[in-house]
Amino acid sequence: MASDLTRIALLGATGSIGRQALEIVDAHADLEIVALTSGSQPLDELAARHRVRHVQVGGDPTEILDRSEPDLVLNAVVGFAGVGATLWALERGVTLALANKESLVAAGDLALAAWRRGGGLLLPVDSEHSAVFQCLEGRAPEAIDSLVLTASGGPFRNHSLAALESVSVEEALAHPTWSMGPKVTIDSATLANKGLELIEAHYLFELPYEMIDVVVHPTSVVHGLVRFRDGAALAHVGYPDMRVPISYALTYPERRATSVPALDLTAPLSLEFEPPDSERFPLLPLARQAGERGGTYPCAFNAANEVAVAAFLDGRIGFLEIAPLVEDALEHADGGAVNDLFELVEADLDARRLAEGRLAPAA
Ligand code: MG
C-alpha cells in the first residue's frame with residue numbers, strides 16, 4: 001500500500017541488527033534513513049550509500065535525534081548507552097523500534113512513565129518479544145494466563161558445570177541458532193540474555209513476573225508463546241532470522257514480505273522444550289530476583305553484566321566468573337527507586353565501579 005515516507009533514525013548502524021535493518025530499508029521505497037549512528041565504527045560509506053545527512057560516531061545519540069526529527073527510531077545500540085535514545089523517543093511519542101533491551105531493563109520505570117506521557121508506539125525488535133507482541137495483538141489483558149519466552153539454551157546447553165569452567169571466548173561466541181553481535185551472544189551462552197528479556201517483557205507487556213515463564217527450546221523455531229485463560233496457547237513460529245522481527249517493526253502493521261523463507265513442514269522439525277537449569281545458568285534466576293525487587297536492581301544487574309561480559313571477551317575472567325560479579329553487584333546495590341535519568345546513570349556507574357573493582361587487574 002502506498003503510505004507516506006517513514007523517516008528512520010538507525011542507531012547502532014554497524015552492528016548485526018543495523019546491517020539487517022539497512023537491507024530491509026533498501027527493499028522498500030517508502031522507508032528512508034535520515035540519521036545513522038555508531039559507537040565507534042566509521043559511517044562515511046554507509047552515509048554516502050544511503051544519502052544520509054545526519055551521522056554521528058560516538059557520543060550521545062539524542063543530539064542527532066533532535067537534529068534529524070525522525071518518525072521512527074530503531075534503537076540497536078548495545079547496552080546502557082541506548083537509554084537516552086529510548087527515553088527520547090518514548091517521551092515524544094515517536095515510534096520506537098526497540099532492539100536495545102538493556103535500556104528497558106535499566107530504565108524500565110522511567111521508560112514506562114515516558115511512554116505514557118508520549119503515547120507513541122513501542123515495537124519490540126527482540127525476536128521473543130516481537131513474537132509475544134504479535135500473539136497478544138487484539139487480545140484483552142484479562143484473557144492472558146501467562147507468557148512464555150523461549151531460549152535456545154546457547155552453545156553450552158549440555159555442558160556440565162565442570163566443563164563450563166574452561167570454555168573459551170570462541171566457543172561462547174559460536175551460537176547454535178541465532179547470528180548476533182558479541183554482547184548478546186555471550187549473554188545467550190550464560191542465559192543472562194533471557195534474564196534481560198524477562199525484565200524487558202515485564203515492562204513491555206506490563207505483566208507481573210509470575211506471569212512470564214522461560215523455557216529452553218534448542219531449535220529456536222518457536223520464538224514466543226502466550227497462554228490464555230481458556231486453555232489455548234498461541235505460538236509464533238518460524239526460522240530464527242532477525243530480519244523477520246526487524247521488518248515487522250519497520251513496516252508495522254503491514255507485515256511486508258522479506259527474503260526469509262516460509263516454514264517448511266515437510267522437513268524434520270524438532271519442537272522440544274525443557275526447563276532452564278538454574279545451577280549452571282544462575283544469571284537467569286538472578287535477573288528474575290532483580291526484576292522482582294525492582295528499583296535500581298535491574299539497572300545494577302545490567303551494568304555488572306556488561307562489565308563482566310566485556311571482561312570475559314577480553315580474556316580477563318572465565319565464563320563461570322561472570323555470574324558471581326553480577327551477584328556481588330546486586331548484593332551491594334541500594335536498590336532504591338529512580339526519579340530521573342541522572343539518578344539512573346549514578347546507579348549504573350555505581351554498579352559498574354563495583355564490578356570493575358572486583359576484577360583482577362588486566363594482564
Ligand atoms: Mg531475543
Side-chain angles (χ1 to χ4, degrees), residues 12 15-21 24 74-80 82 86 96-106 108 111 122-136 147-157 172-205 207 209 212-226 235-250 258 260 273 276 281 283-284 287-288 291 298 301-302 305-306 309:
S16 173
I17 299 281
R19 279 184 276 110
Q20 295 176 82
I24 288 155
L74 172 49
N75 187 354
V77 172
V78 176
F80 187 84
T86 286
L96 174 62
L98 185 65
N100 172 256
K101 67 192 84 184
E102 294 95 335
S103 60
L104 206 53
V105 170
L122 171 46
L123 301 167
V125 173
D126 210 342
S127 61
E128 297 78 2
H129 303 71
S130 177
V132 167
F133 179 89
Q134 293 174 52
C135 293
L136 281 174
L147 313 182
V148 185
L149 305 176
T150 54
S152 70
F156 307 137
R157 181 170 58 90
L173 285 175
H175 196 276
T177 53
W178 290 99
S179 165
M180 307 176 290
K183 162 70 167 52
V184 63
T185 303
I186 300 303
D187 284 345
S188 296
T190 63
L191 291 197
N193 182 53
K194 217 47 57 176
L196 294 169
E197 291 183 355
L198 172 69
I199 301 171
E200 180 187 12
H202 164 77
Y203 286 111
L204 202 49
F205 304 115
L207 290 171
Y209 286 96
I212 311 170
D213 292 336
V214 172
V215 68
V216 173
H217 167 50
T219 51
S220 302
V221 170
V222 177
H223 306 131
L225 300 96
V226 180
H236 183 286
V237 181
Y239 294 118
D241 190 311
M242 285 308 294
R243 288 173 298 178
V244 177
I246 296 168
S247 176
Y248 188 78
L250 294 185
T258 72
V260 179
F273 302 92
F281 302 103
L283 284 164
L284 179 56
R288 187 176 280 278
F301 176 93
N302 176 66
N305 183 58
E306 285 188 30
V309 169

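The residues of the chain are indexed from 1 along the displayed sequence. Whatever order the structure lists them in is the order used to number ligands and atoms, beginning at 1. As the structure is a prediction and not an experimental result, all values here were calculated from the model.
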Not counting sequence neighbours, which residues clear side-chain hydrogen bond (donor to acceptor under 3.5 Å, both in side chains) with Ser152? List them please.
-> His175

Is there a side-chain contact between Val125 and Leu98 (heavy atoms, below 4.5 Å)?
-> no

Listed protein N/O/S atoms, distance to the Mg ion (ligand 1) under 2.8 Å | Asp126 OD1, Glu128 OE1, Glu197 OE2

Which residues pass the ring-ring contact (aromatic ring centres under 6.0 Å, His included) test with Tyr239, sequence neighbours left out?
-> none

With sequence neighbours excluded, residues passing ring-ring contact (aromatic ring centres under 6.0 Å, His included) with Phe281 = none

Can you tell me if Ser247 uses its side chain to pair, donor with acceptor, with the backbone of Val244 under 3.5 Å?
-> no

Residue among Glu197, Glu128, Glu200 satisfying side-chain hydrogen bond (donor to acceptor under 3.5 Å, both in side chains) with Lys101 = Glu197

